[in-house]
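To start, the structure under review is shown below, and the notes come after it.
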Amino acid sequence: METTLHNSAATAEAGPVRNLGHGEDFTAHMFSARWSEQHGWHDAGLRAIEYLSLHPATVGLHYGQVAFEGLKAHRQVDGKMGVFRPLWNADRFRRSARRLAMPEIPEELFLRAVEELVVADRSCLPEDLSRSLYLRPLLFATDVSLMLRPAREYRFLLMAFVAGGFFGDDTESISVWVDDEYSRAFPGGTGDVKIAGNYAPTFVAQQRAQQADCQQVLWLDAMEHRWLEELGGMNVFLVRGRGADAEVITPELTGTLLPGATRDSILTLASRLGYAPREERISLNQLRTGCANGEISEMFACGTAAVVTPVRRICEPGGQFTVGDGPIGPVTRELCAALTGVQRGTVPDVDRWVYRIER
């Protein structure tokens, strides 16, 4: 059966963006570069987005040498485009490549790709400030060989799609499923980098979550199945207490969960807003007890795609419990407004997180 690429550029002048699912409304271009032992990084430039022709023995398909990233470009209130923390993502992309014995993308090449693609496809983005361009850098092995070794040739691609709300535009809060059988990451593994092999093994648990009417899996540590780590594709925060004395808490980085740019930003913004940011180990039992006695007043997911999304209900094989008094709490609302304000240029960018594209 023939398939086609969804392409918002073809309809950019015709009216509003189509209401496709997250990750389906692709723009017209992609940036491409190649790496080989002989030439290093070469053949870099912008081109029309296209299907790839791969030999069935391509190393990346068999042995998983595939890393990727996710970041967003937003239309600013003055009409310019701004990319949120691309240097942070470039650094994590290099760490992921290093972990898989792949060549690292130089920062200047990463930024060049981002800028050229955003300039070329900015017309795909409507004036609606709730929409953004989600950028997906990808690095994969292209050798044609089934020898069990790192590849000798690689390709870097950057593509984009028009994004709205990850959980849909009308979602006020989500429910999460606590999985007590599978584990997302293990000590000494690859949980702290963003590689393709981390995601497919989580899909069976995600299916269980959907059967329980939940949108995401809340992963626990692999050793004890006791400590909170992260959600399926995003970090998680709790709010302990209320009002000016509230603490904004997230699981500490143990090497088995993925550090996120949004997570890092939330910790900074929480402190600036007068809340106490905390990175600490949080047990599932502490979450249950804290929600029951009101000590934990709010919970939210955060990430490039999810931005800041409240968590209202936690489901387990033996039952369920709720967090807080409503779909979104005051601390979550304030943090979300602060973050999106920086991203869209409505509040001062004192940390210089936004990479403004003036072209």
Side-chain angles (χ1 to χ4, degrees), residues 6 19-25 61 64 66-72 92 96 134 136 138 161 163-187 189-238 250-251 254 256-263 282-284 287-288 299-323 327:
H6 292 301
N19 190 25
L20 298 174
H22 183 86
E24 296 178 348
D25 199 7
L61 296 177
V66 183
F68 65 95
E69 265 303 323
L71 63 163
K72 279 183 178 177
R92 189 173 67 177
S96 297
Y134 185 104
R136 169 52 58 87
L138 175 70
F161 61 85
F166 182 74
F167 297 104
D169 293 337
D170 299 325
T171 300
E172 291 187 336
S173 62
I174 62 171
S175 300
V176 298
W177 169 260
V178 179
D179 194 90
D180 62 352
E181 180 178 354
Y182 298 105
S183 298
R184 192 198 76 89
F186 303 84
T190 58
D192 62 341
V193 292
K194 200 169 182 67
I195 64 171
N198 287 347
Y199 291 86
T202 70
F203 290 166
V204 65
Q206 181 64 29
Q207 289 176 331
R208 289 186 176 185
Q210 292 168 346
Q211 291 166 2
D213 196 26
C214 295
Q215 289 76 37
Q216 283 283 288
V217 176
L218 177 58
W219 291 101
L220 305 176
D221 72 291
M223 305 303 291
E224 299 180 74
H225 282 271
R226 176 185 175 190
W227 304 100
L228 307 188
E229 294 217 321
E230 62 182 88
L231 299 184
M234 53 208 71
N235 295 118
V236 64
F237 277 82
L238 308 176
T250 193
T254 60
T256 57
L257 61 106
L258 185 67
T262 309
R263 174 189 182 276
I282 308 161
S283 72
L284 179 58
L287 176 60
R288 284 197 208 98
M299 181 175 178
F300 61 89
C302 74
T304 298
V307 191
V308 174
T309 302
V311 176
R312 174 64 175 147
R313 184 171 63 111
I314 296 96
C315 300
E316 306 177 80
Q320 60 180 288
F321 56 96
T322 58
V323 186

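Values below: all heavy atoms of this structure, side chains included; hydrogens, waters and symmetry mates excluded. The first residue in the sequence is number 1, and the count goes up from there.
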Side chain to side chain contact (heavy atoms under 4.5 Å, CB included) filter on Arg288, not counting sequence neighbours, yields Leu284, Asn285, Glu316, Phe321
So, does [X] use its side chain to make a donor-acceptor pair with the main chain of [Y] at under 3.5 Å?
{"X": "Ser173", "Y": "Val311", "answer": "no"}
{"X": "Gln320", "Y": "Ile314", "answer": "no"}
{"X": "Asp25", "Y": "Ala163", "answer": "no"}
{"X": "Asn198", "Y": "Ala185", "answer": "no"}
{"X": "Gln216", "Y": "Gln206", "answer": "no"}

Give the intermediate values and the outcome of salt bridge (Lys or Arg N to Asp or Glu O under 4.0 Å) for residues Arg184 and Glu230.
CA-CA 9 Å; Arg184 192 198 76 89; Glu230 62 182 88; 3.1 Å; yes
Please determine whether side chain to side chain contact (heavy atoms under 4.5 Å, CB included) holds for the pair Gln215 and Thr309, giving the CA-CA distance in whole Å, both sets of side-chain angles, and the decisive distance to 0.1 Å.
CA-CA 11 Å; Gln215 289 76 37; Thr309 302; over 6 Å; no
If the plane angle is over 60° it's perpendicular, under 30° parallel, otherwise tilted; pick one for Tyr134 and His22.
perpendicular
To the nearest 0.5 Å, how far apart are [atom1] in [X] and [atom2] in [Y]?
{"X": "Leu228", "Y": "Thr250", "atom1": "CG", "atom2": "OG1", "value": "9.5 Å"}
{"X": "Ser96", "Y": "Glu69", "atom1": "OG", "atom2": "CD", "value": "6.0 Å"}
{"X": "Met223", "Y": "Thr254", "atom1": "CE", "atom2": "OG1", "value": "11.5 Å"}
{"X": "Arg208", "Y": "Phe203", "atom1": "CZ", "atom2": "CZ", "value": "16.0 Å"}
{"X": "Asn235", "Y": "Thr262", "atom1": "CG", "atom2": "OG1", "value": "8.0 Å"}

What are the two closest non-hydrogen atoms of [X] and [Y], and how far apart are they?
{"X": "Ala212", "Y": "Arg313", "answer": "O-NH2, 3.8 Å"}
{"X": "Ala222", "Y": "Phe186", "answer": "CB-CD2, 3.5 Å"}
{"X": "Tyr182", "Y": "Ala205", "answer": "CD1-CB, 4.4 Å"}

Are any of the side-chain heavy atoms of [X] and [Y] separated by less than 4.5 Å?
{"X": "Val178", "Y": "Leu220", "result": "yes"}
{"X": "Glu24", "Y": "Phe161", "result": "no"}
{"X": "Arg263", "Y": "Leu258", "result": "no"}
{"X": "Leu238", "Y": "Val323", "result": "no"}
{"X": "Met299", "Y": "Leu218", "result": "yes"}
{"X": "Pro310", "Y": "Arg312", "result": "no"}
{"X": "Leu231", "Y": "Val176", "result": "yes"}
{"X": "Cys302", "Y": "Phe237", "result": "yes"}

Applying side chain to side chain contact (heavy atoms under 4.5 Å, CB included), run through Trp219 and Thr202 and close with a yes or a no.
CA-CA 10 Å; Trp219 291 101; Thr202 70; 3.5 Å; yes
Verdict with supporting geometry, Phe300 and Met234, side chain to side chain contact (heavy atoms under 4.5 Å, CB included):
CA-CA 10 Å; Phe300 61 89; Met234 53 208 71; over 6 Å; no
